[in-house]
Amino acid sequence: MRISRRILAGLATASLAVTATSCGGGGTSGSFDDTVTVGILHSLSGTMAISESTLVDTEKMAIEEINASGGVKVGGKSYKIEYIVEDGASDWPTFAEKSKKLIDQDGVPVVFGGWTSASRKAMLPVYESKDAFLYYPIQYEAQECSNNIFYTGATPNQQSEPATDFMYKRSPAAGGDFFLVGSDYVFPRTSNTITKAQVKQLGGKVVGEDYLPLGNTEVAPIISKIKKALPEGGIIINTLNGDQNVAFFKQIQDAGITPSSGYYVMNYSIAEEEISTIGPEFLEGHYGAWNYMMSIDTPASKKFAKSFKKRWGADRVVADPQESAYNMVYLWKQAVEDAGTFDDNAVREALVGQKFDAPQGPVEVMPNHHLSQTVRIGEINAEGGFTILEETGVVLPQAWNQKHPSSKGFACDWTDPSKGEKYKL
Amino acid sequence: MELLLDSLFNGVAIGSVLLVAALGLAIVFGLMGVINLAHGELMMLGAYTTYVTQLIFKLPILKPFYNSYIIVSIFLAFIVSGVVGILLEKTIIRKLYGSPLETLLATWGVSLILQQFVRSVPLAYGTGLVISLLIGLFLPSTFPYKIKESINFKYFKFSSWIFAALTGVLSGSLISSSVSKLSRASARNVDVTAPSWMRGQVEIIGTTFPKTRLMIIIITLISVIAITLFLNQSAWGMRIRAVTQNRKMSDCLGISTEKVDIITFGIGSGLAGVAGVAVSLLGSVGPNVGGNYIVGCFMVVVLGGVGNLLGTVLASFGIGIMTDLIGAGRLLSIWPDMPLPLSNTINFFATTSMARVMIFALIVIFLQFKPTGLFPQKGRMVEN
């Protein structure tokens with residue numbers, strides 16, 4: 001009995017030590033009147049750690065930048081931002097649990113966190129029941145609009161719809177048939193439902209669709225189906241996740257499914273980070289669609305990439321999810337300063353209408369808690385980046401997709417109490 | 001004809017990946033009865049060995065031989081995974097023979113340790129560690145008989161471990177200073193690029209086949225033939241079979257069962273390493289690469305009948321061909337005008353994820369009727 005108690009005590013001290021070291025920010029310097037502590041909640045271990053840790057790095061950088069320029073100014077006082085980083089461990093219930101801890105125990109006014117839709121769905125009830133506020137930075141399938149979440153990633157109409165349009169009308173495979181490939185979970189299936197409706201509207205044809213179970217890398221049956229459905233080449237829309245892309249591109253290249261033989265793949269989950277992992281030699285000539293691409297030639301974009309490299313190493317890259325994460329920290333700061341308080345309800349009200357000169361160009365918070373953004377179509381080049389081919393104007397976010405049969409004709413507006421989460425247009 | 005050939009090739013290609021992954025397990029689980037959940041991680045070590053070999057062959061001295069790195073890495077992967085397997089047997093599994101549940105938990109723990117190991121230790125030092133393990137484990141056995149029998153042998157053994165550690169550290173730092181990619185730990189998945197002669201496709205009787213797939217089929221074939229010859233023709237193979245059939249009697253007859261266990265486990269683990277080379281050609285190499293195959297491996301071994309290599313071979317090709325038939329909707333092209341309800345059903349299952357569901361369902365049904373698999377083990381072991 002005594003031993004087990006001792007072990008328990010040891011574990012407790014160990015976990016305390018971990019929490020203590022995970023508190024960042026350092027000591028308060030003299031120039032600030034006070035401090036405010038925010039929560040950062042991403043996976044630092046497990047399968048998602050590779051992707052999500054880049055967001056933690058970006059959010060830390062944004063906070064450091066804000067602190068360096070005088071912190072958050074509320075009611076005539078300047079606050080230094082400190083942060084508590086929690087590990088979601090690639091495990092969705094852990095995200096909910098850690099959210100509770102951040103809100104109840106640490107009393108943070110805001111949590112920046114999440115990557116997968118599964119983690120967001122797990123956290124949503126926590127934030128709604130405690131009326132707290134989560135900022136979520138990833139491009140996702142939409143069909144959700146919570147008063148307690150602020151979404152800075154793209155909705156399908158800000159990524160997949162312009163991309164499908166480009167592929168069908170202006171790509172080298174214009175007018176060709178579509179084949180849809182994705183990992184088997186909610187984002188690819190929802191995204192492909194929208195794509196199918198859109199292709200039908202455009203007058204095109206979807207000749208096949210297949211989903212690979214997560215973790216499975218056997219794509220031989222998919223390749224034979226693609227070859228059967230698109231014997232002369234065509235358009236492939238790819239929503240595969242993570243490593244499955246490596247298996248897919250390695251094997252389709254070996255099977256002769258390449259741009260030179262008339263097959264063009266449009267990718268929704270491959271950004272600069274993934275290109276360097278997969279290898280540009282497998283991806284060259286295929287396409288991607290994002291709001292932010294590292295090759296954007298504006299001072300704001302270059303500054304963002306440069307400061308990230310300076311802070312975290314010259315071999316690091318920035319990509320769309322990181323840009324979203326960067327924007328949300330700044331938008332929160334602006335909203336807090338406008339509201340004049342850290343109180344959630346006031347900040348939420350002040351948030352809508354916030355404008356920010358983001359690395360991708362100007363963005364604005366819409367009444368549905370999503371961002372208006374610019375959409376870019378790029379061709380993957382041999383250097384591992386995108387050659388930007390097209391750039392839309394500012395596209396307004398649709399929380400409820402207008403092409404998806406279940407949400408057509410609905411919208412979301414949190415500024416008008418009579419409308420709310422889902423109202424008929 | 002072309003369709004049939006295509007389907008057969010695809011089935012064999014999928015099956016051979018399963019087979020090469022399950023072959024080591026068929027030995028460890030089938031012959032020794034050890035439920036080794038770290039089997040996938042031994043594969044992962046093989047895949048990382050391929051990656052390290054590839055980078056080392058990019059060094060100026062070895063550059064002219066770059067095209068052959070994949071052949072070299074097959075042998076290296078066998079050795080690396082084999083050595084780690086032997087260490088695993090000597091330290092953990094040996095104490096747990098006869099208690100499957102504890103073995104299962106212990107090897108699962110080992111699998112987590114190995115995954116975290118490749119995430120947080122620079123690969124160069126990982127290589128150094130494997131080199132020192134290799135020397136430490138095998139150097140003492142090369143000493144002349146006189147020294148081995150002497151009373152001071154433990155000192156010799158100890159000093160050989162010191163030598164091994166030094167060599168390991170030295171080679172680790174040598175690699176880390178010459179290949180910068182290996183000098184830092186990274187949880188990021190890495191990529192093995194097949195040499196140019198293995199990329200693209202070949203044409204056989206009017207249809208085209210990817211070369212990497214052919215390579216995997218060849219690796220698998222050679223492994224199966226080699227292991228069958230070893231088990232059936234060599235003296236140690238005979239001893240392994242003897243111990244499998246009746247451990248106590250073999251012990252009485254003077255077979256060192258301890259040595260047999262080490263060799264069997266070492267070979268099983270080494271084969272996992274070879275499988276790692278094969279899967280590195282198909283996808284990316286990461287800490288979780290082996291874990292994705294572990295369920296499939298057990299499935300194949302159980303379906304084939306525990307302890308029977310031929311069963312494992314037939315089961316993996318069977319599953320491969322079924323996966324292709326169902327997943328790619330082949331039946332529809334063989335019989336295009338089948339009745340509507342039937343074709344709708346087939347279409348429903350003609351996606352990769354539904355095909356998997358179907359395969360698992362079929363296996364469950366099959367095992368209801370033949371719980372011991374295709375070729376159940378006969379002989380004394382069954383009676384125990």
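Lettering of chains follows the sequences in order, A, B, ..., and the numbering in each one begins at 1. Computation of the quantities below employed the complete heavy-atom set of this structure, encompassing side-chain atoms and omitting hydrogens, waters and symmetry-equivalent molecules.
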Taking every non-hydrogen atom, the tightest pair across Pro221(A) and Ala328(B) = O-CB, 4.0 Å
Is it true that atom NZ of Lys310(A) has more than 12 heavy atoms of other residues, nucleotides or ligands lying nearer than 6.0 Å?
-> no
Under 4.5 Å heavy-atom distance to chain A, tell me which part of Val17(B) shows up: side chain, backbone, both or neither.
-> side chain
Side chain to side chain contact (heavy atoms under 4.5 Å, CB included) between Arg199(B) and Asp254(A), intermediate numbers included = CA-CA 6 Å; Arg199(B) 286 166 70 179; Asp254(A) 280 341; 4.1 Å; yes
In terms of heavy-atom pairs under 4.5 Å with chain A, which of Asp324(B), Val289(B), Leu325(B), Leu281(B) leads?
-> Leu281(B)
So which heavy atom on Glu218(A) is nearest to which on Thr352(B), and how close?
-> O-CG2, 4.4 Å
Which heavy atom of Asp210(A) sits nearest a heavy atom of Ala350(B), and at what distance?
-> OD2-O, 4.4 Å
Could you look at Asn245(A) and say if it's the side chain, the backbone, both or neither that has a heavy atom under 4.5 Å from chain B?
-> neither
Examine whether an atom of Glu209(A) lies under 4.5 Å from a heavy atom of chain B, and if so say whether it belongs to the side chain, the backbone or both; otherwise answer neither.
-> backbone
Quick one: CG on Asp191(B) to OG1 on Thr277(A), what's the gap to the nearest 0.5 Å?
-> 8.5 Å
Between Phe209(B) and chain A, which part of the residue has a heavy atom less than 4.5 Å away: side chain, backbone, both or neither?
-> neither
Which of the residues Val279(B), Asn10(B), Ile14(B), Asn288(B) is involved in the greatest number of heavy-atom pairs with chain A at under 4.5 angstrom?
-> Ile14(B)
From CA spacing to verdict: side chain to side chain contact (heavy atoms under 4.5 Å, CB included), Leu282(B), Gln251(A) | CA-CA 7 Å; Leu282(B) 290 178; Gln251(A) 294 182 41; 3.5 Å; yes
Among Ser284(B), Gly327(B), Gly296(B), residue most engaged with chain A (heavy-atom pairs, under 4.5 Å) | Ser284(B)
Where the side chain of Lys250(A) meets the backbone of Val192(B), is there a donor-acceptor pair that is under 3.5 Å apart?
-> yes
Among the listed options Ser51(A), Ser53(A), Gly208(A), Ala220(A), the residue most often paired with chain B at heavy-atom distances under 4.5 Å = Ala220(A)
Let me know if Ile223(A) has heavy atoms under 4.5 Å from chain B in its side chain, its backbone, both or neither.
-> neither
Check whether more than 12 heavy atoms from other residues, nucleotides or ligands sit under 6.0 Å from atom CH2 of Trp312(A), and answer yes or no.
-> yes
Proximity breakdown for Arg356(B) and chain A, heavy-atom pairs closer than 4.5 Å = side chain
Is the NZ atom of Lys181(B) crowded by more than 12 outside heavy atoms at less than 6.0 Å?
-> no
Among Gly286(B), Pro210(B), Ala194(B), Gly200(B), which residue forms the greatest number of heavy-atom pairs with chain A at distances under 4.5 Å?
-> Gly200(B)
Select one option (side chain, backbone, both, neither) describing which atoms of Ser120(B) are under 4.5 Å from chain A's heavy atoms.
-> neither
Quick one: what part of Phe282(A) sits under 4.5 Å from any heavy atom of chain B, side chain, backbone, both or neither?
-> side chain
